[in-house]
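A note on names: the letters A, B, ... follow the listed sequences, proteins ahead of strands, and every chain is numbered from 1. Being a predicted model, the structure only gives us computed values, none of them experimental.
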Amino acid sequence: MTENTANLFDVVQGRVHAACETLMASGALPAGIDLSRAMVEPTKDAAHGDMAANAAMVLAKDAGKKPRDLAEALAAILRGDDLIEKVEIAGPGFINLTLKHSAWFGALRNAIDAGDAYGCSTMGAREKVNVEYVSANPTGPMHVGHCRGAVFGDALATLLDVAGFDVTREYYINDAGAQVDVLARSAFLRYREALGENIGDIPEGLYPGDYLKPVGGALVAEYGSSLKDKPEAEWLPLVRAKAIEMMMLAIREDLAALNVRHDVFFSERSLVAKDKDQVADAIASLRKVGEIYEGRLPPPKGAPAEDWEDREQTLFRSTAFGDDVDRPLMKSDGSYTYFASDIAYHKSKFDRGFNQMIDVWGADHGGYIKRMAAAVKAISGGKAALDVKIVQLVKLLRAGEPVKMSKRSGEFVTLREVVDEVGRDAVRFMMLFRKNDAALDFDLAKVIEQSRDNAVFYVQYGHARGHSIFRMAREAFPDLPTDEAGRRAAAAKAPIEKLTDSAELALMRKIALYPRLIEAAAGAHEPHRIAFYLYDLSSEFHAHWTRGRDSPNLRFIIKDDPVLTDARLALVQGVVTVLACGLSLLGVEAPEEMR
RNA sequence: GCGCCGGUAGCUCAGCUGGAUAGAGCACCAGACUUCGAAUCUGGGGGUCAGGGGUUCGAAUCCCUUCCGGCGCGCCA
């Protein structure tokens, strides 16, 4: 087994497992015992050392031994390890490990050597993952509600990429349902308006926003007045296509403003292209494995359903895969339900080689998860898995007061307005500075505040402060390198073994945690963990900086000691590297100066 | 009625897939600028992890149950 040397926790865990195997060889442990639950974790309390191993407690039952006795046997082996300074047994059987300083120096060197690539992992083994996010209907500009899913999906995709997965970022364009016909009719009104007609108020049920006026103008430019007297059946496909095209263009611009990328824009309409009906194919393949039947559904309970009509229909047996009720695939007019299209779409993902799919949805779609996960299991024969990440609502505030929005009148706050007002970095970071399934208050006044209370600023300032130290150091020592590559080369040669202050070592421990964090966050599909880590790292860095006020010997720059200064600049280089890596992963700028 | 997601300090939230004495920020109180950026930092008080059962060496975390809030519940997407 090769050690992943980038992750110190893996290395030490490997040593603990090796110790277990030594005990197996000597008969002190049963051979072939399962070690997968024996983990090495960072300690919360420094009094417990650097890392804690739970092996003795986890294996005690299978071994038929008392945890503390087993711990003692393991400790005896681990005490000879070249990375380990001290082994103590505590509590119910924890093996507390204190590492030698050289272990932390090695971790710091790793970070400096890796640079931009620090934290990159091979855990994904290049497995293909499809992440679908945003997928906003092409019926208007993006509003703030779309923001969170967009940023979350984008950051999650980057996180998985960094963790070694082969990631495809995808957007599903809902361009086939009834709502794009409504869009077309709304755009047609604007077309008549552009031709000089007085259209009066926009009728109920059509999209009232001004954003369709340019579509009207474009239609005039392209078709003149030729559409005006045609029957709807003739103009609708033309108007619809133009409107969708222009809406998608606007949406892509909005996404670009937020720094959100996609590799694939997948059209729902393309599923039912003239020569090939992929929805029918998907249903047929489910029918082949016996998961489709004609039957009746009980009426929905509780919810008002005056127009409920009991009838026999085509159903997918989603209850066989954990859903609460079987789901219809055809509407009463003979067209496919949205669910049927979605099955075909996810089958397309599977057919394109994705066994891991992640969909990012808004909270209002939560009730849809079970049936979609059921469908993915069914169409893949159990080979593919779908993880649906729900992002909760964002409440937009200004200095604590809710920002009024009225969708009915077409006056909603657009994504673009928010980005223009507070900047993309603030929007992105704050959307990620919360667990995805918890509701989020987004205060337009707070995110531009320059204080610790504003996490974006606080983290970026940490990065800028590091670079400020580099600038000041160059004034004291003009020979120091001026660029990133030079600093990395110098840091790699620096005598970092001179760094023995406890706060300096604490920073190295924090830096050493980053690769482990990436793997944990990627495994859990939780990019917010990166944001919180960066906040913590910044906090430790700011705190250590301030120690230099009371204790000048702890400053990074020691004017009469260029060698010690080199060592400390290497530590700053390590901190700056991790902050830059983490911010880049979240899609947020890492400024070198913020004055 | 059923399902999903939440309930952690006065407020806003973390809690690393079951670890040791539950942590930050804000607010409140008391401090630190001739200084590598005070746009920062140090210290203090503040908790029945909604309530109650259970699982085990060990539970905020897993299971059951009650209460409260949000969302959803053929032919919208």
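- For the residue pair A:Arg465 and A:Ser538, no side-chain donor N or O sits within less than 3.5 Å of a side-chain acceptor on the partner.
- Residues forming a side chain to side chain contact (heavy atoms under 4.5 Å, CB included) with A:Ala570 (at least two apart in sequence, or on another chain): A:Ile112, A:Ala491, A:Ala494, A:Ile496.
- If you check every strand for non-hydrogen atoms under 4.0 Å, A:Gly548 touches a base.
- Atom CG in A:Asp550 sits roughly 11 Å away from atom P in B:U34 (whole-Å rounding).
- One finds a side-chain N or O of A:Arg452 lying less than 4.0 angstrom from the OP1 or OP2 phosphate oxygen of B:C41.
- Using the Watson-Crick or G-U wobble rule with both distances under 3.5 Å, B:C2 pairs with B:G72.
- When both distances must be under 3.5 Å, the Watson-Crick or G-U wobble mate of B:G19 is B:C57.
- The residue A:Leu297 sits apart from the nucleic acid: no heavy atom pair falls under 4.0 Å.
- In this entry the distance linking CG of A:Leu59 with C1' of B:C57 reads 13 Å, nearest Å.
- Nearest to the side chain of A:Trp545, among B:A77, B:U42, B:G37, sits B:G37.
- Between the P atoms of B:A22 and B:A9, the separation comes to 15 Å (whole Å).
- A sub-4.0 Å separation between OP1 or OP2 of B:G37 and a side-chain N or O of A:Ser468 is present.
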Quiz item: Which parts of nucleotides 13-23 of chain B does protein reach within less than 4.0 Å, heavy atoms only, written one letter per nucleotide 5' to 3' as B for base, S for sugar-phosphate only and - for none?
Solution: SSSBB-BB---
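- In this structure, NZ of A:Lys66 is placed 13 Å from C1' of B:C57, rounded to the nearest angstrom.
- On the C1' atoms, B:C13 is 14 Å away from B:A60, given to the nearest whole Å.
- Annotation: B:C64 and B:G6 have their P atoms spaced 14 Å apart (nearest Å).
- Counting non-hydrogen atoms under 4.0 angstrom, A:Gln313 reaches a base of the nucleic acid.
- When heavy atoms are screened at a 4.0 angstrom cut-off, A:Ser332 is found touching base atoms of the nucleic acid.
- Judged by Watson-Crick or G-U wobble contacts below 3.5 Å, the nucleotide B:C11 has B:G25 as its partner.
- A gap of 39 Å separates the P atoms of B:C57 and B:U12, to the nearest Å.
- Contact annotation for A:Ala464: base contact, defined as any heavy-atom pair under 4.0 Å involving a base atom.
- Using cut-offs of 30° and 60° for the angle between ring planes, the A:His143 and A:His146 rings count as tilted.
- Between A:Tyr458 and B:G37 there is no side-chain polar atom (N or O) within less than 4.0 angstrom of OP1 or OP2.
- Using a 4.0 Å heavy-atom cutoff across all strands shown, A:Met330 reaches no nucleic acid atom at all.
- Atoms CZ (A:Phe477) and P (B:C36) sit 14 Å apart, rounded to a whole Å.
- Along RNA chain B, the nucleotide closest to A:Arg371 and the one closest to A:Leu554 are compared, and the more 5′ of them pairs with A:Leu554.
- A close approach under 4.0 Å does occur between a side-chain nitrogen or oxygen of A:Arg549 and OP1 or OP2 of B:A38.
- One C1' atom belongs to B:G44, the other to B:U55, and the distance between them is 40 Å to the nearest Å.
- Taking atom CD of A:Glu268 as the reference point, atom C1' of B:C76 lies 12 Å away to the nearest angstrom.
- Using N1 to N3 plus N6-O4 or O6-N4 for Watson-Crick, or N1-O2 and O6-N3 for G-U wobble, each under 3.5 Å, B:G31 pairs with B:C41.
- Side chain of A:Asn96 to backbone of A:Gly49: no donor-acceptor contact under 3.5 angstrom is found.
- In terms of polar N and O atoms assigned as donor or acceptor, the side chain of A:Thr546 never comes within less than 3.5 Å of the base of B:C41 in a complementary pairing.
- Comparing the same atom, P, in B:G70 and in B:A32 gives a spacing of 48 Å after rounding to whole Å.
- Between A:Phe339 and A:Phe316, the ring planes are tilted. Angles from 30° to 60° get that label.
- Taking the P atom of each, B:A27 and B:C11 are spaced 16 Å apart, rounded to whole Å.
- At whole-Å resolution of the value, CZ in A:Phe556 and C1' in B:G37 are 13 Å apart.
- The side chain of A:His542 approaches B:C41 more closely than any other nucleotide in the set B:C71, B:A38, B:C41.
- Residue A:Asp342 contributes atom CG, which lies 13 Å from atom C1' of B:C76 at whole-angstrom precision.
- Between the side chains of A:Ser121 and A:Glu519, at least one donor N or O sits under 3.5 Å from an acceptor N or O.
- A gap of 29 Å separates the C1' atoms of B:U34 and B:C29, to the nearest Å.
- Under 4.0 angstrom from either OP1 or OP2 of B:G58 there lies no side-chain N or O belonging to A:Lys61.
- If you take CZ of A:Arg547 and C1' of B:C41, they are 9 Å apart, rounded to a whole angstrom.
- Counting non-hydrogen atoms of other residues, nucleotides and ligands closer than 6.0 Å to CD of A:Glu589 gives a total of 12 or fewer.
- Nearer to the 5' terminus of RNA chain B, by closest-nucleotide assignment, is the contact made by A:Pro328 (compared with the other of A:Tyr338 and A:Pro328).
- In this structure, A:Lys389 and A:Ile358 approach most closely via the heavy-atom pair CG-CG2, 3.9 Å.
- At least one donor-acceptor pair under 3.5 Å links the side chain of A:Ser270 to the backbone N or O of A:Ser267.
- Looking at A:Asp326, its side chain does come within 3.5 Å of a backbone N or O of A:Thr319 through a donor-acceptor pair.
- In this structure B:C33 sits in the syn conformation; its chi angle is within 90° of 0.
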